[in-house]
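Reading through the structure tokens given below for one structure.
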Amino acid sequence: MAKSIVSAVLEKSSSLLMIPGEIKQKFELALALEEEIGKVIAHFQDIQSVLQDAESKQVKDANVRNWLKKLKDVAYDVDDVVGEWNSEKLKSQIEKEQKEARNFPLLKKMRNSISSFTFQTILYYKMTSKLSGVNEQLDSIATEKDRYKFGLEKVVEEPRRLITASFIDDEEVYGRRQETELLVNMLVGDNSSGGGLKLPVISIMGMGGIGKTTLAQLVYHHSDVECHFGKRLWICVSDPFDEIRIAKEILEAFKGESSNLVGKDNILQEIRSHVSGKKVLLVLDDVWSEDATRWEQLKTSLKHCSPGSRILITTRNEKVAIIMGTTSPNLFLLNTLSLEECRSLLSRRAYYGRTREESENLDDIGWKIAEKCQGLALAAKILGGLLRFMRTREQWQNVLDSEMWDIEEAEQDLFPPLFLSYYELPLALKQCISYCAVFPKGMILRKDELIKLWMAQDYLKGVRCEEMEIVGEEYFDELHMHSFFQDFRGDELDSDIIKYKMHDLIHDFLLVLMKTECVMLVNHDSEELKLDLSCERARYGTLIRKEAAPTEPNIFRFRKLRSLLIDSSYHDTSSLRLYLPRLFDQLTCLRTLNLSNGLFRNSIEELPDEIGKLVHLRYLNLKKNKKLKELPESLCGLCNLQTLNLKWCDSLKELPCGIGKIINLRHLENDQTNLSLMAIPKGIGRLTNLQTLSLFVVTSNSDTSSLGDLQNLIHLRGLLKISGLGAVCDVTEAEKAELENKKGLRTLILDFTISKGLMSNRWQRDDGRLLEALRPPPYLEELEIWWYSSPTISANWMMGLTKLSHVSLGYCLHLKSLPPLGKLPSLESLYIGGRSRVEKVSVEFLGVEREEILAPSSSLESPSSSVIAFPSLKHFEFEFFDLEEWEDWVPLTSREEHISIMPRLCSLTINSCPKLKALPCYVLHNTSLKQLNISQSPILSERCRKETGEDWLKISHIPSIMIDSVRIQVNCSSVEEFGVLQFQPLHSSSLSSNFSQN
């Protein structure tokens with residue numbers, strides 16, 4: 001890490017030497033500053049030449065470790081000075097441009113010039129003084145360096161950055177087939193009675209890294225297990241055993257949505273009602289706690305499930321297994337892999353992409369390295385990932401002969417392989433993975449969020465003009481291939497979001513690496529935080545608030561923190577309001593600050609003005625602070641801010657007027673604020689680095705941003721929702737937005753309502769023209785249109801979106817006919833809901849041209865060339881509310897039967913269509929259909945009634961059928977795969993609120 005920090009600081013310090021000549025002539029202090037900067041650079045260049053040797057010697061030499069710690073502390077301090085300098089210069093430049101834009105009288109311009117001169121004098125003096133102190137420390141460090149007689153750095157080729165499209169397949173597991181079958185039999189076999197216990201607990205026990213979680217995953221996804229249990233749940237427990245969090249996750253898995261329940265008794269009571277009568281498998285992965293009281297109440301609430309239910313846990317400790325209720329017959333002791341199995345696992349990764357001759361040349365060394373793994377699967381994976389990037393036999397031999405195998409301080413058998421893999425990483429990757437020590441053990445990580453955190457610490461240096469986010473993707477993928485991250489599998493509400501976690505032993509290893517730089521604070525049961533004084537210069541901190549007060553003020557002792565993550569999953573953020581002014585006033589080195597709230601309604605209501613003192617801040621997370629109403633204008637002085645997360649701040653009425661001054665802002669995440677946010681301030685168009693703008697609110701107020709202000713935001717990507725389109729009077733504003741040029745957009749939500757509290761001047765709305773002007777980029781994947789008022793949707797661009805996979809049409813009140821969506825070749829999910837005036841769904845909806853319909857059935861063309869409508873559609877939902885008009889879903893005529901329709905359809909939902917007479921034959925006879933759900937549609941319900949309904953024989957082949965919330969036919973594998981409702985529109989969370997307002 002020291003080498004990474006020193007290299008970064010050297011690069012930044014060199015830029016300070018570029019002081020213009022005219023400045024040097026005006027300010028004598030500029031010459032003094034230049035001299036101090038030169039000294040800093042000379043010191044670091046001298047020290048940098050020996051850092052490679054120093055970092056290898058620190059493994060065994062505590063004195064060298066201490067020397068490197070001092071060096072890192074000074075390097076961090078210099079980085080802070082450089083950052084402050086650059087921030088002040090940038091703020092000064094922004095203010096100068098704003099003043100020049102105003103036509104001030106001559107006298108005021110002279111005053112501004114004097115003010116600028118004074119400011120620069122103070123700045124030069126402050127920087128010179130700070131760097132002078134730093135140089136005194138570096139003098140001492142350089143003198144001490146000579147005592148250790150470090151060797152000069154050898155010139156080596158920097159490992160290349162890997163760009164890859166996929167990972168090695170991790171699904172194949174070596175040596176666990178027999179164990180899998182035994183465990184499956186314990187869960188579902190004839191002898192799996194559980195010894196007469198109401199709810200048997202089976203424990204997989206073994207040492208760290210042996211493969212307990214992998215075995216549990218194999219069993220969890222085994223086809224026999226899927227069919228045997230009506231509900232399967234996977235919970236990652238880790239340390240500490242947080243019974244409330246675990247209970248909430250169990251409840252959320254049953255309900256399929258986040259729960260707002262508070263209080264343990266309420267949650268446990270709700271779990272009891274959900275498990276009642278169900279055959280359940282609950283997997284508790286990575287259990288550590290030996291406190292039986294934390295488990296008993298939760299287990300009691302689970303005992304109301306039906307006979308045959310099981311709990312499967314993984315643990316390293318037999319005592320934990322017994323406390324959890326495991327009897328001797330249900331204790332499954334997992335042994336290490338054999339040498340052959342270990343070698344196979346290592347070889348699969350290490351030999352990837354090599355020829356047979358290359359592999360055979362390395363085979364003898366490979367066997368010896370496999371022996372070093374001592375049968376631990378994780379060690380084999382890590383070393384295989386390391387060896388994969390080593391091309392020569394000499395490099396493999398260096399791994400085998402490394403001193404890392406002899407580390408005396410490493411109590412864990414896995415630490416030597418981890419040290420080997422870590423020290424072979426490029427400098428940038430070392431920084432990225434080391435930062436992950438800041439997360440609590442067992443935490444689930446989102447890839448995109450982690451990249452933003454790395455970006456905030458300035459770890460992502462782009463080459464070839466790459467975006468930092470792209471560099472972060474590449475770094476993450478390479479760390480993933482080195483097994484520092486593993487895919488997170490289990491029941492997840494956000495199945496479309498890729499999540500990861502670190503193995504506990506990797507987390508322990510990172511804590512060893514970062515033990516003087518990273519601090520984890522937990523306040524519990526009103527006890528004072530126990531602080532290690534040696535950590536007071538820690539740079540990365542996490543505060544887990546088990547109690548709301550009074551222990552928060554202890555965090556102020558860590559004044560050098562660059563990252564502070566405050567975990568408010570136990571207590572809402574409202575109790576922080578007393579401490580925030582002091583926190584902002586004293587922790588001024590912060591680059592990253594997480595103040596996100598848990599699932600609580602209560603939260604902080606405002607940010608104090610002192611937030612403006614965090615001049616280095618690049619990442620600010622205020623997610624789910626549901627009572628936050630406004631942001632201070634001082635926030636706009638944070639010119640380095642890159643990420644501002646305001647998701648679910650659903651009381652937020654406005655953004656600060658000066659938001660256009662945050663010119664480095666890249667991610668403004670403000671989705672789920674659409675019911676409160678009144679407008680977007682003018683100046684948003686100056687944020688030309690912006691990549692994420694989740695919500696853009698349009699109004700008829702000339703003092704706020706208009707659609708045309710989106711024109712310069714060409715880097716927007718991902719999701720963009722535009723609300724308030726009903727207030728747009730001038731269609732040319734939509735054309736100015738130039739959505740088509742925003743090539744990175746993948747999801748577009750168009751909401752044609754009028755912003756809250758404002759009246760529309762569009763007495764005769766023509767939403768059709770406006771929709772045509774909002775042409776999106778050709779690579780759009782998801783499109784949603786809400787509250788559209790025209791009778792047809794005929795935008796010429798829609799059928800050209802060949803990548804479109806999801807479409808939602810909601811509350812299109814005046815819509816009389818559906819667009820020809822069957823033409824879209826990639827469409828997989830379709831939602832049509834709310835109210836409309838659609839009377840029938842005709843063949844035009846299929847998107848089939850007239851000449852294709854009229855094609856003679858005796859055509860000589862082969863069957864493979866027949867016309868296909870909705871070729872990729874898998875999930876289709878009609879959800880109208882008291883729709884009186886829709887009566888007919890027009891079937892095909894005999895002339896049209898050559899058309900293939902929805903050949904891949906898996907699930908169909910019809911809700912609240914009381915007059916719909918029947919489903920067309922191409923739906924009833926669709927052999928790919930796995931799930932049919934009909935509700936509040938009495939005519940259809942009667943036709944599809946089991947055994948007696950007119951259409952029953954036509955639909956009886958469908959594995960899962962639900963009529964009016966009663967499942968009348970069920971096949972376990974289809975239910976597990978598809979659930980009751982496979983997809984929901986992205987905008988659905990605001991349906992009810994919008995409906996009540998209109």
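Nothing here was measured: the structure is a model prediction, and the numbers come from that model.
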Any ion pair linking [Y] and [X] (charged N to carboxylate O, less than 4.0 Å)?
| X | Y | answer |
| --- | --- | --- |
| E610 | K613 | no |
| D703 | K682 | no |
| K721 | E784 | no |
| R591 | D80 | yes |
| E735 | R775 | no |

Does a side-chain heavy-atom distance below 4.5 Å link [X] with [Y]?
| X | Y | value |
| --- | --- | --- |
| C812 | W787 | no |
| T792 | K816 | no |
| S723 | F696 | no |
| M798 | L780 | no |
| L565 | F439 | yes |
| L668 | L690 | yes |
| S596 | K624 | no |
| L771 | F752 | yes |

[X] side-chain N/O to [Y] backbone N/O, donor-acceptor pair under 3.5 Å:
| X | Y | answer |
| --- | --- | --- |
| E654 | P681 | no |
| N597 | N602 | yes |
| D709 | S706 | yes |
| W454 | C432 | yes |
| K742 | L710 | yes |
| E630 | K653 | no |
| E733 | G708 | yes |
| N670 | L695 | yes |
| T699 | N701 | yes |
| S603 | K627 | yes |

What distance separates [X] [atom1] from [Y] [atom2], expressed to the nearest 0.5 Å?
| X | Y | atom1 | atom2 | result |
| --- | --- | --- | --- | --- |
| T592 | L620 | OG1 | CG | 10.0 Å |
| L641 | I611 | CG | CD1 | 8.5 Å |
| L644 | L631 | CG | CG | 6.5 Å |
| L655 | E633 | CG | CD | 10.0 Å |
| L593 | Y619 | CG | OH | 9.5 Å |
| L583 | L578 | CG | CG | 12.5 Å |

Exercise. Y811 and Y788: ring-ring contact (aromatic ring centres under 6.0 Å, His included), yes or no, with the steps?
Worked result: CA-CA 7 Å; Y811 288 95; Y788 178 83; over 10 Å; no
For this session: Determine whether more than 12 heavy atoms belonging to other residues, nucleotides or ligands lie under 6.0 Å from atom NZ of K743.
Result: yes
Exercise. For K803, does the NZ atom have more than 12 heavy-atom neighbours from other residues, nucleotides or ligands under 6.0 Å away?
Worked result: no
So, [X] and [Y]: side-chain donor and acceptor under 3.5 Å apart, yes or no?
| X | Y | answer |
| --- | --- | --- |
| T573 | N625 | yes |
| S694 | D671 | yes |
| R717 | Q691 | yes |
| S789 | H814 | no |

Exercise. Do Y831 and E879 pass the side chain to side chain donor-acceptor pair (under 3.5 Å) test, and can you show the C-alpha distance, the side-chain angles, and the key distance before you say yes or no?
Worked result: CA-CA 8 Å; Y831 173 89; E879 188 179 28; 2.9 Å; yes
Seminar exercise, completed: The single option from H667, E669, H715 that satisfies side-chain hydrogen bond (donor to acceptor under 3.5 Å, both in side chains) with T692 is H667
Problem set entry | Name of the residue among S575, S574, S568 meeting side-chain hydrogen bond (donor to acceptor under 3.5 Å, both in side chains) with D572 | S574
For this session: For the pair S790 and D767, evaluate side chain to side chain donor-acceptor pair (under 3.5 Å) and give the outcome as yes or no after the intermediate values.
Result: CA-CA 6 Å; S790 293; D767 286 350; 5.2 Å; no
Exercise. For the residue pair L652 and S676, what are the closest heavy atoms and their distance?
Worked result: O-OG, 2.7 Å
Problem set entry | Audit row: R618, Q642, side-chain contact (heavy atoms from CB on, under 4.5 Å) steps and yes/no | CA-CA 5 Å; R618 295 182 173 92; Q642 297 167 338; 3.8 Å; yes
Exercise. Y475 and Y459: aromatic ring centres closer than 6.0 Å?
Worked result: no
For this session: Determine, stepwise, if the pair K447 / E473 fulfils salt bridge (charged side-chain N to carboxylate O under 4.0 Å, His left out).
Result: CA-CA 8 Å; K447 180 178 180 179; E473 289 262 356; 3.0 Å; yes
